[in-house]
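Numbered from 1 within each chain, the chains take letters A, B, ... in sequence-line order. Computation of the quantities below employed the complete heavy-atom set of this structure, encompassing side-chain atoms and omitting hydrogens, waters and symmetry-equivalent molecules. Please read all numbers here as calculations on a predicted model, not as lab measurements.
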Number of protein chains: 2
Amino acid sequence: MTSMKAIRRFKVQQPKSLVTIVEERLRKAIIDAEMRFGEALSEDALSSALGVSRTPVREALARLQLQGLVTIVPKKGTFVFAPTAEDVAELCTFRFMLETNALRECLATAREATLDGMTGAIAAMDAAQASGTRHDYARADTGFHEVFFLHCGNRYLGNAYRSVSGRVAALRTHLSVPLEGEQARSMSEHRLMVEAFANGRLADLDGILRQHILRARDAYGDVLRRASAG
Amino acid sequence: MTSMKAIRRFKVQQPKSLVTIVEERLRKAIIDAEMRFGEALSEDALSSALGVSRTPVREALARLQLQGLVTIVPKKGTFVFAPTAEDVAELCTFRFMLETNALRECLATAREATLDGMTGAIAAMDAAQASGTRHDYARADTGFHEVFFLHCGNRYLGNAYRSVSGRVAALRTHLSVPLEGEQARSMSEHRLMVEAFANGRLADLDGILRQHILRARDAYGDVLRRASAG
DNA sequence: CAATCTCCGTCTGTATGCAAGATACAGAAC
DNA sequence: GTTCTGTATCTTGCATACAGACGGAGATTG
């Protein structure tokens with residue numbers, strides 16, 4: 001029948017499963033610091049709070065564990081992840097590696113699209129800095145770094161990043177680094193990265209990125225050490 | 001009682017959960033090519049075959065999906081993953097990136113231990129080549145590459161590798177590359193890598209590794225293209 | 001008063017039951 | 001003969017029920 005092609009356009013997106021909904025809700029709760037590091041999560045409490053049965057909650061928690069956002073201790077309970085300074089250091093090192101490689105790919109195969117994405121993210125950060133909350137800025141920051149993986153053309157690279165991006169985002173919001181000049185400094189570094197990328201200066205890009213991420217690493221490490229000491 | 005501290009040392013590792021057992025069993029079945037790419041897996045059939053209820057089976061399948069070993073299609077079923085040539089290419093590229101970085105870390109911080117591990121793995125490969133099955137050789141090969149991540153000192157790097165190692169291992173056994181000289185060539189490349197590592201020649205190491213992995217990529221790609229064409 | 005034992009509440013791990021979507025096939029209508 | 005439709009039977013998604021493990025409060029004993 002000739003009208004079939006037209007009909008196909010009506011295909012509806014099937015509703016998200018409860019597992020997905022719960023997962024996203026909890027993910028947001030953890031990342032946006034609605035819960036504290038190490039806080040206990042009872043499957044029972046969550047299921048009644050969210051109005052679903054324990055089954056999807058349980059499955060969602062399992063997924064979050066794979067993303068490193070919660071820690072499941074057999075027979076004891078599930079807890080919001082609690083990073084140590086070492087954790088953060090390794091995490092940042094790893095992140096630097098992923099981003100460097102993603103950027104290299106972007107520069108080689110999707111220069112225009114990546115540049116567009118970056119400038120768009122910068123605009124969002126500007127807006128957030130001007131009028132938004134700190135959370136808005138953090139979200140925009142996250143978005144900036146995600147651009148690389150959207151255009152890098154390697155799904156595995158993107159998956160690997162996604163498997164740690166939750167933790168990175170959570171660190172950003174939980175440890176609202178108290179340094180005053182922090183946002184301004186972050187912004188200027190992001191701008192520098194866009195510029196280096198536009199000019200195809202890969203070495204510069206690596207340097208800025210390294211500095212950007214490793215500085216974050218030290219800042220987070222300091223805050224954590226202070227927290228565990230005090 | 002003062003003897004409690006001594007008694008604690010006898011604590012036995014608690015029995016694995018059913019989920020873990022099922023997961024490992026299925027993982028092995030997929031990796032060792034007991035099932036074919038794309039084959040359907042029914043929760044019901046699996047649960048009765050394994051003698052457990054559907055719950056742990058379901059959870060295990062969810063985990064395997066996160067490792068990329070199965071694909072879950074809502075309301076339709078679960079299937080053994082079915083890689084395309086593109087998949088394989090991206091996978092190998094990613095793998096090269098991870099291994100390169102891991103090796104760099106090993107060379108910098110755990111030279112001796114890594115070298116020991118590599119030579120041990122080489123010995124296992126020799127043994128497998130002399131008298132073992134092709135599966136034995138594949139397992140030893142997998143072991144060789146795992147050494148890097150054992151000693152690289154970055155858990156995230158190791159996790160990322162583990163999240164794709166299943167697929168890599170499955171490719172190795174499923175696509176038993178028919179080229180005759182393959183094993184010998186692979187062996188010699190591994191030996192070259194050990195040598196370059198021992199001498200600290202990082203650039204050489206990168207080159208060999210790149211060649212080693214990218215050649216595997218092309219070989220797998222060929223087999224897959226031929227399979228999908230024929 | 002301190003150390004230890006015991007019991008109980010709470011948690012997770014697993015089994016099972018039920019509902020709803022997807023597919024394949026048989027049969028009816030043209 | 002071809003196409004459509006209804007149904008039978010698969011599949012998963014989710015809810016609930018039950019049992020075993022862990023941890024803490026209180027009882028018990030030195």
Colleague: Given atom CD of A:E59 and atom P of D:dT16, what is their separation to the nearest angstrom?
Modeller: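 Value for this atom pair: 17 Å.
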
Colleague: Any salt bridge linking A:R27 with A:E23? Criterion: basic side-chain nitrogen under 4.0 Å from a carboxylate oxygen.
Modeller: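 A salt bridge is absent here (no side-chain N lies under 4.0 Å from a carboxylate O).
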
Colleague: Quickly work out the A:L61 CG to C:dC11 P distance and round it to whole Å.
Modeller: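 Interatomic distance, CG of A:L61 to P of C:dC11: 13 Å.
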
Colleague: Within the structure, does a side-chain N or O atom of B:S17 lie under 4.0 Å from either OP1 or OP2 of C:dG13?
Modeller: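 False: B:S17 side-chain N/O out of range (4.0 Å or more) of C:dG13 OP1/OP2.
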
Colleague: Say you draw a straight line from CD1 of A:I31 to CG of A:L171; how long is it, rounded to the nearest 0.5 Å?
Modeller: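 So the CD1 of A:I31 and the CG of A:L171 are separated by 10.5 Å.
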
Colleague: What is the distance from NZ of A:K76 to C1' of D:dC22, rounded to the nearest Å?
Modeller: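 Rounded to the whole Å, the gap is 8 Å.
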
Colleague: Checking contacts here: which listed nucleotide (D:dC14, D:dT12, C:dA22) is nearest the side-chain heavy atoms of A:V19?
Modeller: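 Closest of the options to the side chain of A:V19: D:dC14.
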
Colleague: Once you round it to whole Å, what is the distance between P of C:dC11 and CG of A:L46?
Modeller: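 Those two atoms, CG and P, are 11 Å apart.
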
Colleague: Tell me every residue that passes side chain to side chain donor-acceptor pair (under 3.5 Å) with B:T20, counting only those two or more places apart in sequence or in another chain.
Modeller: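 Here the qualifying residues are B:S17.
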
Colleague: State whether the number of non-hydrogen atoms from other residues, nucleotides or ligands found under 6.0 Å of B:E86 atom CD is greater than 12.
Modeller: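 Open: at most 12 neighbouring heavy atoms sit under 6.0 Å from CD of B:E86.
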
Colleague: Between C:dT14, C:dG13, D:dG13, which nucleotide gets closest to the side-chain atoms of B:K75?
Modeller: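 Per side-chain heavy atoms of B:K75, the pick is D:dG13.
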
Colleague: Rounded to whole angstroms, how far apart are CD on B:E43 and C1' on C:dA19?
Modeller: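 Roughly 15 Å, once rounded to whole Å.
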
Colleague: What I want to find out is whether B:R225 reaches B:D218 closely enough, with some N-O distance under 4.0 Å, to be called a salt bridge.
Modeller: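 Result for this pair is no, no salt bridge flagged.
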
Colleague: Side chains of B:R104 and B:N101: do they bring a donor and an acceptor to under 3.5 Å?
Modeller: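 Looking only at side-chain atoms, B:N101 and B:R104 do not form any donor-acceptor pair under 3.5 Å.
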
Colleague: Quickly work out the B:D44 CG to C:dA15 C1' distance and round it to whole Å.
Modeller: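 After rounding, the gap between these two atoms is 13 Å.
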
Colleague: Ignoring backbone atoms, test whether A:R58 places a side-chain nitrogen or oxygen under 4.0 Å from the OP1 or OP2 oxygen of C:dT12.
Modeller: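 Checking C:dT12 against A:R58, no side-chain N or O comes under 4.0 Å of OP1 or OP2.
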
Colleague: Is the B:H212 ring parallel, tilted or perpendicular to the B:H145 ring (thresholds 30°, 60°)?
Modeller: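 Answer is parallel, since the angle falls under 30°.
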
Colleague: Among residues 47-55 of chain A, which residues get a heavy atom nearer than 4.0 Å to DNA chain D?
Modeller: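 Contacting residues: A:V52, A:S53, A:R54, A:T55.
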
Colleague: For B:F79 and C:dA22, give me the distance from atom CZ to atom C1', rounded to whole Å.
Modeller: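 So the CZ-C1' distance, B:F79 to C:dA22, works out to 11 Å.
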
Colleague: Of the options C:dA15, D:dG13, C:dT23, whose atoms approach the side-chain atoms of B:L18 most closely?
Modeller: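 Given the options C:dA15, D:dG13, C:dT23, the side chain of B:L18 is closest to C:dA15.
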
